[in-house]
Amino acid sequence: MDQMHQLCAPYGAVLTPLTALSSSTGYNLYENAHDVQPTGVKRYEINDMLQKIMSIVNERLDDAQERKHAFNSHSMQPAFFQVLCEIKEKIAINLRHLPEDEPSDPQLMRLDNMLMAEGVSSSSSTAMNAVNASVNGTSGHGNNVDSDSALDHSDYRAKLAQIRQIYHVELEKYEQHCNDFCSHVVTLLREQSQARPITAREIDRMVDIIRKKFSSIQLQLKQSTCEAVMILRSRFLDARRKRRNFSKTATEVLNEYFYSHLSNPYPSEDAKEELARKCAISVSQVSNWFGNKRIRYKKNIGKTQEEANMYAAKIASQAARQGRSGRESPDY
DNA sequence: TGAAATGATTCGGC
DNA sequence: GCCGAATCATTTCA
């Protein structure tokens with residue numbers, strides 16, 4: 001009887017279900033040890049059975065299998081199963097109180113979106129499109145760097161492809177391990193369901209729990225992949241690292257505009273577009289150039305006077321030439 | 001090789 | 001959203 005108490009102690013109030021066993025199964029466990037149950041099973045047989053259960057973990061697998069078989073075919077097995085059912089009914093976690101579907105992890109969603117945008121977690125063709133868009137589009141520094149950056153871009157693509165490959169290999173490994181572990185647990189629980197009450201829904205629930213635990217590994221993988229992509233991007237696509245001076249012609253065109261509009265060196269949007277077109281750079285580069293020029297002109301107004309005079313003379317001679325040829329000065 | 005020049009970015013103000 | 005100012009990162013030049 002003590003062993004029965006020890007066995008059931010972790011389950012909490014064991015005496016009640018065991019008492020209930022008396023009425024529900026017809027076995028009276030609490031009468032004296034010499035009593036014989038209605039089925040003819042003596043109380044020491046229960047102790048014997050429980051002893052076997054307790055010692056099963058210390059045994060070799062083959063012996064354990066043998067004992068398990070003995071337990072399953074034991075005449076008291078249905079009664080024991082019934083006791084466990086009643087214990088479970090009283091103390092087990094009620095699945096109805098557990099949320100069925102937890103909302104997706106927002107951090108995981110962000111990482112997924114980023115990996116998708118970077119072309120890491122999408123299909124190969126989509127991935128390459130994303131990579132191309134990222135290389136050609138977001139660098140956004142005009143075309144003055146395009147001619148000699150093709151090599152860098154192919155290097156960038158190669159390294160991104162490497163990251164993508166590592167990510168997929170690791171993800172596959174992770175999924176394999178997760179599936180293996182889940183199927184192992186399912187097999188184990190199904191086997192155990194012969195000895196203790198486990199429903200299919202509870203097994204599914206357990207699989208869900210395991211998958212959620214495993215998802216932290218997935219999160220870590222996605223995080224480190226994102227970090228690798230970020231480092232790669234900053235190394236290859238950082239504009240400041242890729243800075244090239246504008247062509248001499250472009251600088252001349254910008255300077256001509258600046259010094260011919262010295263009283264108000266703020267080109268309109270249309271003028272910026274026109275200058276961008278003439279200089280073969282982007283509008284934002286024109287804006288940057290004028291922003292820098294205004295500040296640096298102001299800072300070094302004495303030093304830049306010579307430059308100002310030079311462009312003033314150039315503009316004047318151009319105007320004179322155009323006047324002679326009957327054409328008006330350029331209007332941006 | 002170090003200083004100057006230059007294009008881009010960031011940040012606060014309007 | 002544009003601008004001035006400060007700063008960064010790179011290129012150019014003596």
Side-chain angles (χ1 to χ4, degrees), chain A residues 107 110-111 113-115 117-120 130-160 162-163 223 225-315 317-318 330-332:
Chain A
Q107 193 186 357
R110 274 198 299 276
L111 290 172
N113 288 341
M114 191 194 148
L115 290 172
E118 294 297 336
V120 173
V131 171
N132 289 335
S134 131
V135 166
N136 299 326
T138 56
S139 56
H141 307 126
N143 54 11
N144 61 317
V145 298
D146 284 353
S147 56
D148 57 351
S149 60
L151 188 65
D152 291 345
H153 290 174
S154 67
D155 200 14
Y156 173 80
R157 287 193 189 96
K159 285 200 160 33
L160 193 63
Q162 213 175 332
I163 291 174
Q223 265 175 340
T225 306
C226 281
E227 279 170 21
V229 172
M230 284 290 100
I231 291 166
L232 185 71
R233 279 185 72 86
S234 66
R235 190 164 298 166
F236 280 86
L237 302 176
D238 185 345
R240 286 187 287 210
R241 292 179 192 275
K242 292 282 133 191
R243 190 180 72 76
R244 296 284 187 280
N245 289 352
F246 296 158
S247 68
K248 199 180 170 191
T249 320
T251 310
E252 276 181 8
V253 169
L254 293 166
N255 270 315
E256 277 175 27
Y257 185 96
F258 181 82
Y259 288 109
S260 64
H261 297 77
L262 208 49
S263 58
N264 184 36
Y266 297 91
S268 65
E269 203 56 37
D270 289 344
K272 281 181 190 173
E273 281 173 18
E274 179 66 13
L275 286 167
R277 193 186 57 76
K278 281 188 173 178
C279 300
I281 58 177
S282 69
V283 172
S284 63
Q285 283 178 301
V286 173
S287 299
N288 286 338
W289 189 91
F290 273 88
N292 286 323
K293 188 71 183 177
R294 282 191 296 267
I295 289 171
R296 286 162 185 167
Y297 176 79
K298 204 163 75 177
K299 274 185 182 171
N300 305 295
I301 197 157
K303 200 174 170 183
T304 51
Q305 194 57 52
E306 197 181 327
E307 188 183 56
N309 292 338
M310 186 191 84
Y311 277 101
K314 193 175 177 183
I315 291 160
S317 69
Q318 275 178 357
D331 186 15
Y332 294 104

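So you know, we letter chains A, B, ... as the sequences are listed, proteins then strands, and number each from 1. No experiment lies behind these values; they were computed from the predicted model shown.
Considering only the side chain of A:Y266, C:dC3 comes nearest among C:dC3, C:dA5, B:dA8. Side-chain proximity of A:K272 to C:dA5, C:dC3, B:dG7: nearest is C:dC3. Among the nucleotides C:dC3, C:dT11, C:dA5, the one closest to any side-chain atom of A:K298 is C:dA5. Closest to the side chain of A:I295, from the set C:dG4, B:dG7, B:dA8, is C:dG4.
Using a 4.5 Å heavy-atom cutoff, the side chains of A:S287 and A:K272 are in contact. Within the 4.5 Å cutoff, no side-chain heavy atoms of A:I281 are placed close to those of A:W289. Residues A:Y266 and A:H261 form no side-chain contact, since every pair of their non-hydrogen atoms from C-beta on lies 4.5 Å or further apart.
Rounded to a whole Å, the OH atom of A:Y297 is 19 Å from the C1' atom of B:dT6. Between the CD1 atom of A:I281 and the C1' atom of B:dA8 there is a distance of 12 Å, given to the nearest Å. In this structure, CG of A:N300 is placed 13 Å from P of C:dA5, rounded to the nearest angstrom. Counting to the nearest Å, the C1' atom of C:dC3 and the NZ atom of A:K293 are 18 Å from each other. Rounded to an integer number of Å, the gap from CZ of A:F290 to P of B:dG7 is 12 Å. Regarding A:W289, its CH2 atom lies at a distance of 13 Å from the P atom of C:dG4, rounded to whole Å. One atom, CD of A:E252, and another, P of B:dT6, lie 13 Å apart when rounded to the nearest Å.
The base of B:dG7 sits within donor-acceptor range of the side chain of A:R296, with an N or O pair under 3.5 Å. Counting atom types as modelled, A:N292 pairs a side-chain N or O with a base atom of B:dA8 as donor and acceptor under 3.5 Å.
Here the rule is side-chain contact (heavy atoms from CB on, under 4.5 Å) with A:T251, and of A:N255, A:L254, A:T249 only A:N255 fits it.
Neither OP1 nor OP2 of B:dG7 sits under 4.0 Å from any side-chain N or O of A:R244. Between C:dA5 and A:K299, no contact under 4.0 Å exists linking OP1 or OP2 to a side-chain N or O. At least one side-chain nitrogen or oxygen of A:N288 sits closer than 4.0 Å to the OP1 or OP2 atom of B:dA8.
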#### Entry: Pair A:V286-A:E273, side chain to side chain contact (heavy atoms under 4.5 Å, CB included): steps then yes or no
CA-CA 8 Å; A:V286 173; A:E273 281 173 18; over 6 Å; no
